[in-house]
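Step one of this worksheet: look at the structure below.
We number each residue from 1, following the sequence as shown. Reckoned from all heavy atoms, side chains included, excluding hydrogens, waters and symmetry mates.
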Amino acid sequence: MSEAIRLLDVVALASRIPEYGLDRGQVGTVVDILADGQAFEVEFCDRAGRTYESVGLRPDQLMTLHFDPAVPELMEDAA
């Protein structure tokens, strides 16, 4: 939330957005940066890759997901 969100980042919703049928934790992809990084267009797709919602969101509504260790050196020590 305080880290910079970038184009094509995978993000999750930090809270529900009932008017769009989106629940907390739903995963989407940042497809556009709006208002100099003050908002982001996030696309939500189903498992088949079909978009079911695309909505502009503020950074405080999003959490960036990470697929690598936060501290890679720790993973090397464990090996």
### Query
Would you say the side-chain atoms of Q38 pair up with the backbone N or O of A35, donor to acceptor, closer than 3.5 Å?
no
### Message
Determine whether a donor-acceptor pair (N or O, by modelled atom type, separation under 3.5 Å) exists between the side chain of D9 and the backbone of V11.
### Response
no
### Message
So, taking the atom named CD in E53 and the one named CD1 in I17, what distance separates them when rounded to the nearest 0.5 Å?
### Response
9.0 Å
### Task
First locate atom CD of Q61, then atom OG of S15, and finally report the distance between them rounded to the nearest 0.5 Å.
6.0 Å
### Query
Given the rule that I, L, V, M, F, W and Y join up when any side-chain heavy atoms are under 4.5 Å apart, are L7 and V42 in one cluster?
yes
### Message
Applying a strict under-4.5 Å side-chain criterion to I, L, V, M, F, W and Y, I'd like to know whether V30 and L8 cluster together.
### Response
yes
### Task
Go through R16 and L22 one step at a time and tell me if the side-chain contact (heavy atoms from CB on, under 4.5 Å) criterion holds.
CA-CA 6 Å; R16 294 180 67 237; L22 298 171; over 6 Å; no
### Query
Out of V55, L57, I33, which one pairs with F40 under the side-chain contact (heavy atoms from CB on, under 4.5 Å) rule?
I33
Heavy-atom side-chain proximity of [X] to [Y] below 4.5 angstrom:
X	Y	result
F44	L13	yes
L62	I5	yes
L65	V27	yes

### Message
Give me the atom names and distance for the closest heavy-atom approach of P59 to G37.
### Response
CG-O, 3.8 Å
#### Entry: Closest heavy-atom pair and its distance - A12, G25
CB-O, 4.0 Å
### Task
Answer yes if the side chains of E41 and S54 hold a donor-acceptor pair under 3.5 Å, and no otherwise.
yes
### Message
Is it true that Y52 and Q26 share a donor-acceptor pair across their side chains at a distance under 3.5 Å?
### Response
yes
### Query
Within a radius of less than 6.0 Å around OH of Y20, do more than 12 heavy atoms belonging to other residues, nucleotides or ligands occur?
no
